[in-house]
Every structure is written in structure tokens, then in C-alpha cells.
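We're numbering straight along the sequence, starting at 1. Keep in mind it's a predicted model, so treat the numbers as computed, not measured.
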Amino acid sequence: MPQKKNLDHHIFIVAVVLSCLWLCLWPGDVSFNVDEPVFMQMALRHNAAGTWAKYTLTGTKYMPYGPGAVWFYQLILHITHNPVWLGLIRGLAVTAMTALGLSWLARGAALPLWGGVFALLSPYLYIYSRQLWDNNFLIPFVALLLGAYARFMAEPTRRWFLVCVYSAAILFLTHLMSLSVLIPVACHAAWFQRRWLWKHKGVVAVAILSVGLLMGFYLRHLYAAFLKAPPMTGQRGEWAAWFFPWQGWHFFSVFGLEHFFDSPWVDYACGGGGGCKLVELLTELSLPLFLAGVAVVACRVVKALRERRAFNSVDHMDALCLGILLFAMVFNGKLQTFRQPHYHNGSWVVWYYFLWRGLAALLGRWPRWGRLTVATYGGALVVALVLLAGAIHKNGGARTRAFGTVLVEQVRIARELHAWSPQAQKTTRIDGPLMDYFPLEFIGDLMEWKGTPGGHGTTPVVRYRSGPAGTDAWLSSE
């Protein structure tokens with residue numbers, strides 16, 4: 001057993017290191033449009049004023065989001081102002097924190113640690129990890145929260161309790177989509193850990209007080225916005241929203257990546273070749289593994305209830321994840337938040353918990369088939385990730401609002417624009433669909449370039465290099 005445990009650790013550590021190195025390969029191949037430059041502008045402005053952000057953008061439900069992500073950007077802006085390196089720092093931090101949370105979850109929930117490798121191979125994690133946004137910061141902190149809570153239930157100590165509390169606070173201060181996990185975890189802790197909480201009420205009081213001081217202003221602003229928000233009535237609900245959590249297996253396959261590229265993964269990554277279709281199908285082994293995990297967890301919980309025995313920490317984690325799944329159905333159904341893959345970011349680790357359980361059960365029941373599934377699914381994810389990264393690098397991103405031209409290309413064009421006269425910079429014409437001048441203008445401000453006095457006398461034009469008929473997202477300035 002000790003040798004197997006050491007092997008598990010070595011496999012997982014190697015996977016984490018390789019994941020970080022993979023992010024360093026083409027660090028600028030990341031999306032930077034719509035909200036991303038806005039968050040960076042907020043961080044830059046608050047740093048210049050010597051203040052900390054108190055809230056950020058207002059969401060589609062009229063509620064303002066917390067300042068957690070902007071605080072992080074304020075901190076790393078003291079390291080560099082180059083957005084490519086900012087994205088890389090963020091990606092490495094997200095990967096490291098996610099891996100740490102998965103390692104805690106494996107130990108607290110008695111799962112094989114090497115099973116966490118498949119989460120690190122997620123194409124969605126690759127896309128989201130370096131993106132300078134807010135919602136995708138839920139990915140590492142929900143992993144930290146669930147992992148720490150699993151450890152707390154196995155080893156109820158003040159250390160794990162405080163990690164849970166502050167992970168939950170950062171989640172809430174990052175994005176309200178985290179409530180789909182925060183509410184069930186809080187309810188579970190309040191009831192099943194009530195004796196421990198009462199026994200250590202001094203620590204609990206200090207934690208609550210510190211969290212209150214941390215988010216006090218945001219809570220007041222959120223409450224004021226809630227009172228002013230229009231009632232959510234008259235909306236025609238869709239039943240698909242209620243079953244959106246059951247699509248969580250997408251996160252661990254290439255299914256649904258057309259959201260970013262407006263074309264299926266097989267077409268974007270390799271022109272629709274038969275080999276790519278096979279790879280896509282094999283990554284969708286995440287679906288039967290996810291469903292098997294849900295069935296295994298449900299059966300274990302029902303068995304424990306029928307036997308009327310006291311739940312151990314693993315039983316509690318099984319029941320909690322089932323509760324989160326059911327609560328998320330109501331949460332997404334009532335708010336009609338679905339279709340967009342980033343709505344899974346606040347609960348993705350729960351969906352992975354089911355996949356993890358399904359994989360462990362398969363290996364335990366049918367070892368030969370389990371090993372074949374591990375090799376097939378893992379190999380398919382590696383191939384898919386390599387093809388995806390290569391396609392993004394080759395195409396310079398995508399002509400879509402959900403991804404756009406890669407950041408490194410925008411930096412190059414912004415550098416060219418800032419070599420023109422200041423007047424010309426303000427009159428730049430954008431010639432192409434889904435292109436936005438604001439990120440290009442802001443990149444120059446972020447990197448503190450100065451316009452050259454005089455310069456060209458004509459209006460610069462930014463357009464797609466291959467013209468309207470092309471499919472790549474490379475740019476040119478003229």
C-alpha cells in the first residue's frame with residue numbers, strides 16, 4: 001500500500017508539472033475581449049488610486065459581482081504589466097490551486113489520487129485557466145473548498161475549518177454563481193457539524209467577524225442592488241435549465257467547444273477528419289463515467305440510510321455532492337442559467353467527483369476494463385488537448401465573441417498602433433466582424449507605451465489578415 005500511494009503521488013505531481021509547462025508553451029494564445037480588459041482596467045485604476053476594488057461588473061440578473069478577481073489582478077500588476085505574462089501567472093496559479101484542492105479531495109474522500117489527472121486534462125480548464133476574467137476564478141477555489149471540507153469531515157480541526165471559511169468567502173467575492181455550492185455546503189456544515197461548531201464557537205466567531213470585515217462593503221452594495229433589481233417574473237422558463245447540471249460531464253470532454261469557436265471541435269481542430277471524430281467520441285467517455293458515478297454515490301447513500309448506521313466522512317461527501325446536484329437543478333432552473341459552459345465553473349469539481357467515483361468503481365469491479373478505459377480516455381484527452389492548442393495557435397484564435405483573436409496578436413497590433421500619432425490612435429478603424437478597438441487601445445495603456453509625435457497622417461485600419469473570406473483570426477494594421 002505505501003508503494004502504491006507513493007506511485008499515486010508521483011503520477012499526480014508529474015501531471016501537475018506537465019500541465020504547468022504546457023501552459024508555458026504558447027502563453028499568449030488566450031482570449032482577451034469583452035470583460036477581460038474591463039477587469040484589468042479596474043485593477044489598474046485602483047492601483048493608481050491606492051485603493052482596493054469594492055465590487056465589479058453587474059451580471060445579467062442585475063446583481064453586482066464581488067471584487068475577488070480584481071484583487072488578484074491588482075496584486076500581480078505589481079509584478080508585470082504585460083498582459084501575456086499576467087495571463088500566464090494566472091494560469092499557473094489556477095492550475096496549482098486546482099491541483100491542491102483535488103489532492104485534498106482525494107485524501108478526504110478516499111479516492112485514488114492519480115484519478116485527479118483527468119481533471120487537469122480538461123480542454124475547458126486549458127481555455128479558462130489563463131483567461132483574465134472573474135467567473136473562471138471559481139474553478140480553483142471551489143476545488144479548494146470541497147477538498148478542504150472533505151478533509152475537515154475526515155479530520156475536524158480548526159485549520160481545515162478556516163481553510164473552508166476563507167475559500168468560501170473568496171468564492172462569494174468572486175462570482176454569485178458559486179452559491180450553487182456554497183449554500184448546500186453551508187447547510188450541511190450548520191447541521192452535521194453543529195456540535196463541533198458550538199464547541200469551537202470562539203474560532204467560529206473570529207472567522208465570521210473577519211469575513212464580515214472582508215466583504216462588508218460588498219454585502220451592503222449587493223443588498224442595495226437587490227432592493228432595486230426588477231422582479232424576475234414574466235420570463236418564459238425552459239426545462240432544459242433544470243437539467244443543465246447533468247451536462248457537467250462536458251467539462252471533461254471536447255463536447256460543446258463550439259461555444260468558443262462557432263464550429264464543432266472536429267472542424268476547428270483538424271478539419272473534420274475521421275481520426276478527430278474518434279478522439280471526440282472517446283473523450284465523451286466522461287458521460288458514462290459521470291452517470292456511473294452518480295449511480296454509485298446514490299446507491300452508497302441509500303445503503304447507509306437503510307442500514308441506519310452513522311455516516312462516515314466519505315458517506316457525508318457522497319450525500320453532499322448528491323445534494324449539490326439536486327440543488328443546482330433548482331438553482332439553474334429558477335434562474336434560467338444554462339447553455340453557457342462557464343455556468344459549470346462554480347460546481348465543476350462536484351461533477352468531477354461523480355466521474356472520479358465512477359472510474360474508481362469500474363476499476364474495483366472490472367479491473368481489466370477499468371485499465372482499458374483509463375488508457376483510452378486519458379489518451380483521447382491528451383490528443384484532444386494537443387490538437388486544440390495547436391489549432392488555436394495556428395488560427396490565432398477564432399472570429400467569435402466568445403474567444404476572439406489571441407492576446408499575443410492583439411499585443412502586436414496594439415504596439416503597431418501606438419507607433420502612430422496619438423490622433424491617429426483615436427481614429428483607428430476596425431474593419432471586420434466581432435472586432436473591438438477597446439482591448440487594443442487599453443493594451444497600450446496597460447503596457448505604458450507612448451505614441452510617437454507626428455507619425456502617419458492617415459487613419460490606421462485594423463482588419464483580418466486573410467480578409468472576409470478567411471477563417472483565421474490573425475490581424476493586420478495598415
Side-chain angles (χ1 to χ4, degrees), residues 28-47 52-77 81-84 86-91 93-94 124-142 170-178 218 221-222 225 259-262 335 337-346 348 392 397-411 414 430 433-447 473:
D29 286 358
V30 61
S31 174
F32 190 77
N33 59 1
V34 191
D35 290 345
E36 291 93 305
V38 176
F39 283 107
M40 297 309 301
Q41 189 180 55
M42 287 181 177
L44 202 63
R45 186 174 67 247
H46 281 288
N47 276 2
W52 292 96
K54 296 182 175 65
Y55 51 87
T56 57
L57 302 180
T58 299
T60 55
K61 305 303 180 183
Y62 307 101
M63 295 291 106
Y65 296 139
V70 175
W71 287 351
F72 178 81
Y73 300 141
Q74 286 186 247
L75 290 173
I76 62 175
L77 277 171
H81 277 210
N82 187 318
V84 172
L86 291 171
L88 179 59
I89 293 171
R90 184 196 193 283
V94 165
Y124 288 89
L125 180 61
Y126 175 75
I127 290 174
Y128 283 134
S129 62
R130 293 176 297 184
Q131 190 179 8
L132 296 163
W133 197 26
D134 65 337
N135 177 284
N136 47 4
F137 251 122
L138 298 177
I139 292 173
F141 286 106
V142 75
I170 295 173
L171 276 170
F172 184 77
L173 285 170
T174 298
H175 203 285
L176 295 177
M177 194 56 62
S178 60
Y218 172 62
H221 186 74
L222 183 64
H259 166 78
F260 300 100
F261 310 115
D262 279 359
L335 294 179
T337 49
F338 67 114
R339 292 197 180 100
Q340 307 291 334
H342 64 263
Y343 289 142
H344 287 301
N345 289 347
W348 75 273
I392 292 173
R399 299 188 186 188
T400 62
R401 181 63 69 185
F403 198 95
T405 298
V406 290
L407 176 56
V408 68
E409 177 70 351
Q410 293 190 53
V411 170
I430 300 296
L434 301 175
M435 292 174 61
D436 189 352
Y437 178 61
F438 171 64
L440 298 176
E441 183 180 27
F442 171 68
I443 287 170
D445 296 337
L446 176 64
M447 301 188 72

Rounded to the nearest 0.5 Å, how far apart are [atom1] of [X] and [atom2] of [Y]?
X: M42; Y: Y55; atom1: CE; atom2: OH; answer: 9.0 Å
X: H344; Y: M177; atom1: NE2; atom2: CE; answer: 10.5 Å
X: R45; Y: M40; atom1: CZ; atom2: CE; answer: 12.5 Å

Side chain to side chain, [X] and [Y], heavy atoms closer than 4.5 Å:
X: I127; Y: H259; result: no
X: L407; Y: I443; result: yes
X: D35; Y: N135; result: no
X: L176; Y: L222; result: yes
X: E36; Y: S31; result: yes
X: F72; Y: F39; result: no
X: R401; Y: V34; result: yes
X: F442; Y: L44; result: yes

Got a donor-acceptor contact below 3.5 angstrom from the [X] side chain to the [Y] backbone?
X: T58; Y: P64; value: no
X: W52; Y: H46; value: no
X: R130; Y: R90; value: no
X: Y73; Y: Q41; value: no

On a heavy-atom basis, which atom in [X] and which in [Y] lie closest, and how many Å separate them?
X: A473; Y: G397; result: CB-C, 4.0 Å
X: L77; Y: A43; result: CD1-CB, 3.7 Å
X: S178; Y: L138; result: CB-CD2, 3.8 Å
X: N33; Y: T400; result: ND2-O, 3.9 Å
X: T405; Y: Q410; result: O-NE2, 2.8 Å
X: V142; Y: I139; result: CG1-O, 3.5 Å

Aromatic ring proximity, centroids under 6.0 angstrom, F261 and F403: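 So the answer is yes for these two rings.
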Reference residue H342; test ring pair (Phe, Tyr, Trp, His ring centres under 6.0 Å); the match among F260, W133, F137, Y128: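 Among F260, W133, F137, Y128, the one that satisfies the ring pair (Phe, Tyr, Trp, His ring centres under 6.0 Å) with H342 is W133.
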Criterion side-chain contact (heavy atoms from CB on, under 4.5 Å) on N136 and V94, from CA distance to verdict: CA-CA 9 Å; N136 47 4; V94 165; over 6 Å; no
CA sep, side-chain torsions, deciding dist, call: V411, M447, side-chain contact (heavy atoms from CB on, under 4.5 Å): CA-CA 9 Å; V411 170; M447 301 188 72; 4.1 Å; yes
Residues D262, R399; criterion side-chain contact (heavy atoms from CB on, under 4.5 Å); working and verdict: CA-CA 8 Å; D262 279 359; R399 299 188 186 188; over 6 Å; no
